[in-house]
Undergrad: 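To start, I am sharing the structure in question, which I have written as structure tokens.
Position 1 is the first residue of the sequence; numbering continues from there. Here the structure is a predicted model, which is why all the values come from computation and not from measurement.
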Amino acid sequence: MAFTKGRRIVGAATALVGAGAAALVMAAPASAAVTDLKITTPSGYGSVADRYGTGCEYDVEATINNTTPKGNVQYFIADPDGIGSPKTTKAVGTKATFTFTPDKPGTWTIKARQADNVNSSKQITWVTKTVQVGQGFEIPDTGSVKLPFSGCVVLP
């Protein structure tokens with residue numbers, strides 16, 4: 001009888017461990033969320049470092065914590081007056097990219113999220129980056145003449 005009771009305990013323990021392992025395996029596909037947001041195109045240099053220029057185009061990259069995201073990345077770029085409209089872009093692996101082309105100086109806000117980016121209270125969460133923009137102009141690519149620098153010139 002003691003032998004049978006011991007087998008039951010071992011069997012129950014094995015079942016609990018198996019159920020726990022199954023729960024972990026089922027929970028493995030975590031929700032995809034934007035975890036980082038950065039502008040990959042260089043900003044201004046020298047006295048205008050970390051400032052971006054009007055009329056110039058910058059690449060923005062959102063990093064996602066899941067290689068098989070559940071949906072597109074939604075992003076929102078607001079000008080200094082808070083005006084903007086939400087847009088979406090498709091993620092490739094753990095990255096999603098879009099462009100930022102400011103048209104007036106001031107503080108701009110760039111936000112990105114996935115459809116299921118929510119906190120413990122089920123509120124939508126965004127990854128946010130604020131950017132300073134000054135007057136700028138794009139140096140055209142002439143193709144035939146190599147200039148010592150290219151990109152955007154930001155004025156102090």
Undergrad: Check K111, Q114, R113 against Q74 for a side-chain contact (heavy atoms from CB on, under 4.5 Å) and give me the one that passes.
TA: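 Exactly one option meets the side-chain contact (heavy atoms from CB on, under 4.5 Å) with Q74, and it is R113.
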Undergrad: Evaluate the side-chain proximity of K38 to D36: yes if any heavy-atom separation is below 4.5 Å, no if none is.
TA: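 A side-chain contact exists here, since the closest heavy-atom pair is under 4.5 Å.
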Undergrad: Nearest heavy-atom pair of G106 and P80: which atoms, and what distance?
TA: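 Smallest heavy-atom distance, with atoms named: CA-CG, 3.7 Å.
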Undergrad: Evaluate whether atom CG of D50 has more than 12 neighbouring non-hydrogen atoms of other residues, nucleotides or ligands under 6.0 angstrom away.
TA: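 Incorrect, the count does not exceed 12.
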Undergrad: Output the distance between atom CG (D59) and atom OG1 (T99), rounded to the nearest 0.5 Å.
TA: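 With rounding to 0.5 Å, CG (D59) is 7.0 Å from OG1 (T99).
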Undergrad: Which heavy atom in V133 sits nearest to a heavy atom in G53, and how many Å separate them?
TA: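 Nearest pair, atom of V133 first, then G53: CG1-C, 4.1 Å.
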Undergrad: Please confirm whether the backbone N or O of A33 pairs with a side-chain atom of N65, one donor and one acceptor, at under 3.5 Å?
TA: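 A pair under 3.5 Å: yes.
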Undergrad: Assess, by modelled atom type and distance only, whether the side chains of Q132 and R51 contain a donor and an acceptor separated by less than 3.5 Å.
TA: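 Their side chains do not contain a donor-acceptor pair, so the 3.5 Å distance test is not met.
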Undergrad: At their closest point, which heavy atom of V34 faces which heavy atom of V127, and how far apart are they?
TA: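 In this case the closest contact between V34 and V127 is O-CG2, 3.1 Å.
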Undergrad: Are I39 and V131 packed together at the side-chain level, in the sense that at least one heavy-atom pair is separated by less than 4.5 angstrom?
TA: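 Touching, per the 4.5 Å side-chain cut-off.
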Undergrad: Can W126 and Y75 be said to form a ring-ring contact (aromatic ring centres under 6.0 Å, His included), step by step?
TA: CA-CA 9 Å; W126 294 84; Y75 64 95; 9.4 Å; no
Undergrad: What residues form a side chain to side chain donor-acceptor pair (under 3.5 Å) with K104, not counting sequence neighbours?
TA: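 So K104 forms a side chain to side chain donor-acceptor pair (under 3.5 Å) with D79, D81.
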Undergrad: Quick one: are F98 and I77 in side-chain contact, heavy atoms under 4.5 Å?
TA: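 SC-SC contact between F98 and I77 confirmed.
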Undergrad: Between Y52 and Y58, how do the two ring planes meet: parallel, tilted or perpendicular, split at 30° and 60°?
TA: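 Answer is perpendicular, since the angle exceeds 60°.
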Undergrad: State, without any angle test, whether E57 and T41 hold a side-chain donor-acceptor pair at a distance under 3.5 Å.
TA: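 Short answer, no.
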Undergrad: Quick one: closest heavy-atom pair of G134 and P105, and the distance?
TA: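 Result for this residue pair: CA-CB, 4.2 Å.
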Undergrad: Per the side-chain contact (heavy atoms from CB on, under 4.5 Å) rule, which among V73, V60, T63 passes with L37?
TA: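 Exactly one candidate clears the test, V60.
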Undergrad: Test your reading of the model: is there a side-chain donor-acceptor pair from T54 to the backbone of G136, 3.5 Å cut-off?
TA: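 Yes, because the side chain of T54 sits within donor-acceptor range (under 3.5 Å) of the backbone of G136.
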Undergrad: Donor-acceptor pairs are to be reported for all side-chain atoms of residues 84-92 against protein atoms at under 3.5 Å, with residues two or more places apart or in another chain.
TA:
residue : atom : partner : partner atom : Å
T89     : OG1  : T97     : O            : 3.0

Undergrad: Do T128 and I110 have side-chain heavy atoms sitting under 4.5 Å apart?
TA: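 A side-chain contact under 4.5 Å is absent here.
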